[in-house]
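Numbers restart at 1 for each chain; the letters A, B, ... are given by sequence-line order, proteins then strands. The figures that follow rest on heavy atoms only: side chains count, while hydrogens, waters and symmetry mates do not.
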Amino acid sequence: MDINNTVLHNGLTIKDKQTINLNLMINGEKYILKTSPTEKLVNILRDQLQLVGTKISCGIGRCGACSVLLDGDLVNACLVMAYQVNGKSITTIEGIGGVSIDEVQEAFLLEGGFQCGYCTSGMIVAVKYLLSMCPNPTEADIKEALSGNLCRCTGYGGIIRAVQRLANANNYSKDID
Amino acid sequence: MKSKLIEKEDRIRPDGLSKVTGSLQYLTDLTFPDMLYGKVLRSKYPHAKILSINTEKAEAIPGVEAVLTYKDVPGMNRFGIIIPDQPVFCEDRVRYIGDAIAAVAAQSFEIAEEALKHIEVVYEELQILDSPDKSLRPNAIRLHPAGNICHRSSYQNGDVQQAFEECVAIVEETYELPRQLHAYMETEGGVVVPEENGGITVYAATQHGFKDRFQISRILGIPESMIRIVSNPIGGSFGGKDEQNIQPYASLLALATKRPVKIHNTRQESIRASIKRHPMKITVKTGTDSTGKILAHQVKIIADKGAYTTLGPAVLDFSVEHAAGPYIIPNIETEGISVYTNNGVSGEFRGFGGNQITFALEGQMDRLAEVLKIDPIEIRRKNLRTTTDLGPLGHRIAPTDGASLVLEKVQKLSKQLKKDYKDSLWKRYGTGIAITMHGGGLGFGRLDSAGGRISLNKQGEIEISFGFEECGQGLLSVIENLVIEEIGCSQQDVKIVIGDTSVVPISGSSTASRGTSIVWQSLQKMKGPFKEKLCKYVSDATSICKEELYLGPYGIWKVGKEDGPFMTYKECAEGIVDQTVLTSFHFPVTPDAVNGGHFLYTFGGVKVDVEVDLLSGKVKVLSIDHVISAGPIVSPKGYIGQIEGGGVMSLGYTLLEDMKMINGQYATTNFDSYLIPNIVDVPFDTNVFAIEDLVEGDSYGPRGVGEIGTIAIIPAVVKAVHDAIGCWVSKLPISSEEILENIESKGMLTWI
Amino acid sequence: MVNQIEPSITSSPIIWVPSTIEEAIELKRKFGSKAEFVSGSTLLQLQWMNGRKIPENIISLEQISKLKEVQIDEDKKTLSIGASSQLSSYKTDRLLKNFPIICEALKSIAAPAVRNRGTIGGNIMGGVGDLIPLFLALKAKLLVHDEKESELVDFWEWLQHSQRKNQTLLSTIHLPIIKECANSYSFYKKIGRRETFTAAILTVSGSIRWDDHGVIEEAKLALGGGDNKPFLLENTEHKMIGKKGEEIDWKSVFESITSEIAPADDAFVSVDYRKKVAANLMIAALQSKFTVISNGKEESSYEV
């Protein structure tokens, strides 16, 4: 097998021993990147694409500051390598909300779900993921869903109130449907 | 989780939108054209002589632009807020594993990292002094020229020895507290950009921009005027970013390469080099009469200073001051000693020594209550200060009835059964309370400059400026809310300028729960003259009597004309020339010359419920009620957030967090083994009750609440554990192992 | 719009992405010790950061769909779980949802973002996973492949004796299903320094089966998690077999457990504590069951 220019089964092309051509969608935009196959997604986002809303704090998947959605699933961008996202779709904090802000972002504003803001991008992405799986989360659901996102400022109070506000709103809209 | 605070009208934080959308650029997010990346080589050993440093191989690596050592420091090769005794780069000796030896600037972090591996340092290991006990031995090697004692602090009143003889109950205990990591989510970092005039702009977090400017100027050997510090925004600090961290290295590298240099510590690098909360060992002997009145209180504090001084002396002074807390004790003897070791540097951390000493003090109160069979609230009430009592160092303080108001409220809460927790087969439940008193500001004898500036800028905005930083604590909201309230303008009229030494006035540090106080006091001083200036201008320009004019939303209004401003701020700005008011004052301080004595105090009380698991000895906190007396609330969400967040930070300190060192090396280097509370550890049943009243005639306004929520929760949890299973914990974090041994020895498990 | 960006580059391994088990084995045969099988890599990446050698060739298992299948074989009464099934599959897989103890165990590992990447096979092959004691207690068999053969092996046997674990491809975990399980019980308990998202201080799991008279016919008790070497407590198991619940002397079970196991030691938690907690958790779990049995309120469901 010629390792230069080998097309592998997931459509990933090895250009030479050290780089791959990576195709991916980020926040709805298509990108082709040349990168090391084991480069971490968080570095691709922050350093190559200047999408610095995704934060880096522990670098080992233990704090959630770099949480993004990978094909809709919550992941730590510091624990995902370039080759693992080829052909996939990524949503970062910059891709949440559109012309106006998302309801999760609004709830965080209204309930004081942040202070220094450094965990906030990841936290909001994690809440988006929670609500996508479970629109009306219980206390147990909230705890499970956010157990990988550390916040040192709020003590989680404002974050919990923000999620509960959304859960109540969803509950209400379900009632009137 | 509901807030029990009266639902005050509250605005969205000025920095809120940019934070929830991720668009806010932190200083560690910045990049500049032509930027290099820096890394710092830290010591391999906790204690060693440096025999030689060879950087040649590192310099030869392609992509490496500079390798610096102590030889490359043009000014003073030292830093430290109180005493500059920490080498920027070590010359001939390392004293802890965070000591810096060299720094590299390269085309990428990877290359810089690689270069560090090729710097050859030859060490000769020295004996490691990894505890104050070892450092205090008579034959111990000296860590600093003056020896191994960094600081002593003491306070004495009455005669404890004689008083102990009259005591009916005496309790003696040694309390041990661990080293805690600030664990701000944003690690230290930023970019230093060289400027054309030979100066630099430093984009890096700190809690006192002007102090950074002073320290960096001393290191670089250039005037302060050539250094600009941009220190906003900050991804959390809690005291941890007050001292120099990466600034000296990025500054030296930027000047050496004439290119912008970025340093951003990884979490491991951060843990290795950063300051932590002082581990302390506190031995206390307290005696009372038969009614529970304390007659004598003797306290000995030993603090592990680590390798260098930073703010250590002030922390120890604070602990000594707060040894009696809110209680009036006729005979007291407190002695503190802060000892250099080869451990990580201890420095300032939210609570500033109050956390440790209050754990010991409240622990004594609960143990005495048990011995005397008195209710824990009653013994506290019996000894509690009244409105006009002197402060804990026998000094005059601003009159306050916070202590008794807090205790009263805590008593009410402790009588309301939250839930009917029924002991189950393997669970036991308990409840505990504690209270505390906490000084704000730096204290007597310290330069504690305060001040601010208000102006109508060219754009017609009311520009309010302070030399503070927004670390996340909500300072921007405090400023905005107070300006709107005191000036009468609208939210849109306010422009806040902070965190940039090139444009802000001197306000002192963003520490010591002083920000809110200073903003409020500054506005009291500035609002009159500022309103006067604007009204005078309008009056002169329109010949309307000044007395008929007042400042309101969007402009200057005329009495009787209610349909809109008489002149907009924008219109006013176009003509006005005298539009700025500056104030500069000293933070309110006790008139009595007692070292470090505070003048303004806040009070806090906590009631918690806990669950103890008999199979594992693990403790879980089920509910937290905070009661706070700190004057009027300025920003409701900010206030709740500070108290809840501070409480959980100390919940971690009580149950989980231990930045353990073994032979001078950290036993944990990241969040996989240094565990801070996550959302599962936090009781959804958390409430904050605020007592906003101040005594009549108090003219100091709202107090800061940055620290007060971190204190009383610690002893309250320990008392709750005692309530659940009858054992006293004196060492933190609470050891499941110790709890389990108690469970065993009490025969609570039938198979053991 | 398509954005093209040129990066700065450092040396990296070559990534191979086979779509069948056979191709994966073939690649491994070709590169031998210069290649490693990699799936979610949530643990491997941490080990690489801590100095473990990054292989020259990474054989990614993520595109082999067969490795993600969860199936029930009604004839053989077996639940088979594909090794690349994510740790989060307890939330999405309709079959796994029927096995509460597996769901409980999966939920106790890491946090959602890690569970979305980490796999069940990786948890086992990493050697420190919380699933190891669970699967030991549940008498799992593994379908493993190396360059020569494919083999269904007893998990405990394989753990103790296989010399080439890291050269092996694990494809499926097979668990015997006991339906209508009125006469059996299994448990799983994990204790960490923090409530969740933490390495285990220890993880224990067990399963017992008894006859219609309440006499224990079979017992499996396993310890693992964190740095603890996975261990099956055969001595203690033997002490329980042939007895009824009320005949068991729990003091001697405690003695037996604490003397039989050799848990890990670290800067934060002692061996002695781990021994006692392991015994306490196992005894409490077993006792709770015997109380239920004697109360005669037993509901049956799927169990493994």
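With a 4.5 Å cut-off on non-hydrogen atoms, C:Ser270 touches chain B through its backbone and its side chain both. For B:Leu675, the parts lying near chain C are the backbone and the side chain together; criterion is any non-hydrogen pair under 4.5 Å. Residue contact with chain C, scored on non-hydrogen atoms closer than 4.5 Å, involves the backbone and the side chain of B:Ser736 alike. Using a 4.5 Å cut-off between heavy atoms, B:Glu744 contacts chain C through its side chain alone, with no backbone atom that close. With a threshold of 4.5 angstrom between heavy atoms, B:Ser673 approaches chain C through its backbone and through its side chain.
Note that CE of C:Met49 is 9.0 Å distant from CG of B:Asn670, once rounded to the nearest 0.5 Å. Rounded to the nearest 0.5 Å, atoms OG1 (B:Thr750) and CD (C:Gln287) are 5.5 Å apart. Atom CG of residue C:Asp266 and atom NZ of residue B:Lys660 lie 8.0 Å apart, to the nearest 0.5 angstrom.
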Test log, rule side-chain contact (heavy atoms from CB on, under 4.5 Å), inputs B:Ile752 and C:Phe254: CA-CA 7 Å; B:Ile752 300 180; C:Phe254 183 84; 3.6 Å; yes
From CA spacing to verdict: side-chain contact (heavy atoms from CB on, under 4.5 Å), B:Ser616, C:Tyr273: CA-CA 9 Å; B:Ser616 64; C:Tyr273 174 75; 3.9 Å; yes
side-chain contact (heavy atoms from CB on, under 4.5 Å) assessment of C:Phe268 paired with B:Glu737: CA-CA 10 Å; C:Phe268 297 97; B:Glu737 187 155 2; over 6 Å; no
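Top candidate by heavy-atom pairs under 4.5 Å with chain C, chosen from B:Leu656, B:Asp613, B:Leu614, is B:Leu656. No other option in B:Asn678, B:Ile679, B:Leu740 has as many heavy-atom pairs under 4.5 Å with chain C as B:Asn678.
B:Trp751 and C:Asn280 are linked by a side-chain donor-acceptor pair at a separation below 3.5 angstrom, with hydrogens and angles left out of the test.
Counting only residues at least two apart or in different chains, side chain to side chain donor-acceptor pair (under 3.5 Å) contacts with residues 103-112 of chain C comprise C:Ser108-C:Tyr188.
Around NZ of B:Lys618, the count of heavy atoms belonging to other residues, nucleotides or ligands within 6.0 Å exceeds 12. Around atom NZ of C:Lys229, no more than 12 heavy atoms belonging to other residues, nucleotides or ligands sit under 6.0 Å away. Counting heavy atoms of neighbouring residues, nucleotides and ligands inside a 6.0 Å radius, atom CG of B:Asp672 exceeds 12 of them.
Within residues 190-206 of chain C, the residues having any heavy atom under 4.5 Å from a heavy atom of chain B are, by residue number, C:Ile191, C:Gly192, C:Arg193, C:Arg194, C:Glu195, C:Thr196, C:Phe197, C:Thr198.
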